2 protein chains.
Amino acid sequence: MGDVKGGVSIRQSVRGDGPRMSDVKEMPSRSPLIKAMPKHEPAAGAPDTRAKGKRELTKLNNREAILNSAREVFAELGYGATTVRDVIRKTGLASGTFYNYFKSKEEVFEAIMDDGMRRIRPRLKADRIRSRNFEEFIRNAYATYFDYLVSDRHTFQMMRGNQTWFRVRMDTPEILAGLEEIKEYIEEDIRDGNLPPVDSEYLMAAVVGVATEIGDRMILRQKLDPKAAAEFATSLILKGFEALPLKK
Amino acid sequence: MGDVKGGVSIRQSVRGDGPRMSDVKEMPSRSPLIKAMPKHEPAAGAPDTRAKGKRELTKLNNREAILNSAREVFAELGYGATTVRDVIRKTGLASGTFYNYFKSKEEVFEAIMDDGMRRIRPRLKADRIRSRNFEEFIRNAYATYFDYLVSDRHTFQMMRGNQTWFRVRMDTPEILAGLEEIKEYIEEDIRDGNLPPVDSEYLMAAVVGVATEIGDRMILRQKLDPKAAAEFATSLILKGFEALPLKK
DNA sequence: GACTTTGCGTGGCGCCTCGTCAACTTCGCG
DNA sequence: CGCGAAGTTGACGAGGCGCCACGCAAAGTC
């Protein structure tokens, strides 16, 4: 994101309802309600706490608190309507503190997305390793992906709430690397003769496009059925690539 | 978008270079350079000018000027970094005037997107009508879509420029309707027995996902080859759907 | 344990953009 | 020509942004 000087602020008038907190000088810190999330206490599910200095610990907790708050607020107000202040308010921290952890709202969002990608990439790699051919890889990868979507569904339902008309997809380095990895798997299979010489970038794009778009729909359904979604995507791609035009 | 109260403003510090125009009271209107786009003159390619009052004409021109400026500025700064002021500045109009035409930056973007969808939907419908089976429809539709992408490539390269890490996809009513239409075509074909009873929503999602993702890649390539892209997507889907799991 | 150093949380501030609106200009029409 | 409607203008109040001087508490030193 290079240097950023401001954040997004698509605010929805819905929020104009309650008393505006204008004159209030930035979070008076009285009000017990606000302290819902105490400053320096371990957030639920904080990672790996043993043998850390107190400083390091708070840092971890604060970061996690901001991310969790962000997830909640994004879900509640939608990404666009959320301000950095909305996020930080829920944590009980001061506004300035936010900027010790993230440069902007976008960076928080990136972090959330990257988090997902970081969780799924090793699984894909494992799928790749234990698969002996393209077919198995695709099958495993889709199963992994749709399972992951369900397990992490809150992140992905996040953007759907309310008046958000955006679907934002962010090209973080982590995500790009993940995509590139898939392409490389394909190219490897082509080199090894497991796959005819098709356009690897397009095939990767198709695999990914099918995953994201079907995943999107799956998440919106009442009954989440990752197996069915995976089966659908897998059949389509595996049969489909038989007929793909070859690269000259 | 319902009620909107603000716009996005991810500003890049790059722009902090030149003299900041802080003290300058909103566009002093002197400076001949600014008048690059004269207020009330027909913009290139303005639609259907015959027999209109001057008022109606300016309205059309202003709207078009704003849209064109937006396209340029989005391309230059990226969507996120663009402010309403950036857009309006290029037109020579006053900031207030912007709001006579659009509620926010988002609405401009929607208008640009919808514009695209409005141009392509009739073509898809025509494809649909002149196709006698699913296979022909898919083939025609993909050809249409990728051709359209090339013809309107500037709109789609728009989001790629510079530091923009977002890919924004907007669910405007027009776009949703377009997707729904594709789904209905599929369902029609299922009813008519041209297609086995597959999950029409997922198939639509797959068709669309393949289109968008491959389209995205195509646009980024040196040599734009819509035929190849269409061929790739068509083969994949047409072969692929032969193996799709049937809906019970 | 006392004393220094370092890290970082805090919150007020100046900057900037937003969306509005009263005043003004232009157009259409009789 | 003159009047009302339509549209434009730009200054303004509101509020979010990101910064930074300040102070406190944890870590480091003897």
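Throughout, a chain's letter reflects where its sequence line sits, starting with A, and its residues are numbered from 1. A quick note: this is a predicted structure, and the numbers were derived from the prediction, not measured.
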N62(A) side-chain N/O to dG9(C) phosphate OP1/OP2 under 4.0 Å: yes
By nearest heavy atom, map F98(B) and Y101(A) onto DNA chain C; which one lands nearer the 5' end? Y101(A)
Can you tell me the distance, in whole Å, between the CG atom of L57(B) and the C1' atom of dA6(D)? 15 Å
Is any NZ, NE, NH1 or NH2 atom of the basic residue among D86(A) and K90(A) found under 4.0 Å from an Asp or Glu carboxylate oxygen of the other? no
Inter-residue atom distance I120(A).CD1 - L124(A).CG, 0.5 Å rounding: 5.0 Å
For a quick check, with a 4.0 angstrom heavy-atom cut-off, what is the B/S/- contact string for nucleotides 2-7 of chain C, read 5' to 3'? ----BB
If the threshold is 4.0 Å, N to carboxylate O, is there a salt bridge linking R119(B) and D115(B)? yes
Looking only at atom types and distance, does a side-chain atom of E181(A) sit under 3.5 Å from a main-chain N or O of A177(A), one as donor and one as acceptor? no
Expressed as a whole number of angstroms, how long is the span from L60(B):CG to dG7(D):P? 12 Å
Between N100(A) and dG9(C), does any side-chain N or O lie under 4.0 Å from OP1 or OP2? yes
Rounding to an integer number of Å, can you tell me how far R89(B) CZ sits from dG10(D) P? 13 Å
Ranking dC17(D), dT10(C), dC18(C) by distance to the side chain of V84(B), first place goes to dC18(C)
Please tell me which of the listed nucleotides, dG9(C), dC17(D), dG19(C), lies nearest to the side chain of T83(A)? dC17(D)
Ignoring backbone atoms, establish whether T97(B) has a side-chain N or O less than 4.0 Å from OP1 or OP2 of dT9(D). yes
Distance in angstrom units between K105(B) NZ and dT17(C) C1', rounded: 11 Å
Taking atom C1' of dG7(D) as reference, at what distance in whole Å does atom CD1 of I88(B) sit? 13 Å
Would you kindly give the NZ-to-P distance between K54(A) and dA25(D), to the nearest whole Å? 10 Å
Looking at E180(B) and K183(B), is any side-chain nitrogen of the basic one under 4.0 Å from a carboxylate oxygen of the acidic one? yes
Backbone of N68(A) reached by a side-chain donor or acceptor of R71(A) within 3.5 Å: no
Using whole Å, what does the distance between atom C1' of nucleotide dT26(C) and atom CD of E56(B) come to? 16 Å
Is the backbone N or O of R217(A) less than 3.5 Å from a side-chain atom of Y202(B), with the two atoms forming a donor-acceptor pair by type? no
Atom-to-atom span, CD1 of I66(B) to C1' of dG7(D) - whole angstrom: 12 Å
According to a strict under-4.0 Å criterion, is Y99(B) in side-chain N/O contact with OP1 or OP2 of dG19(C)? yes
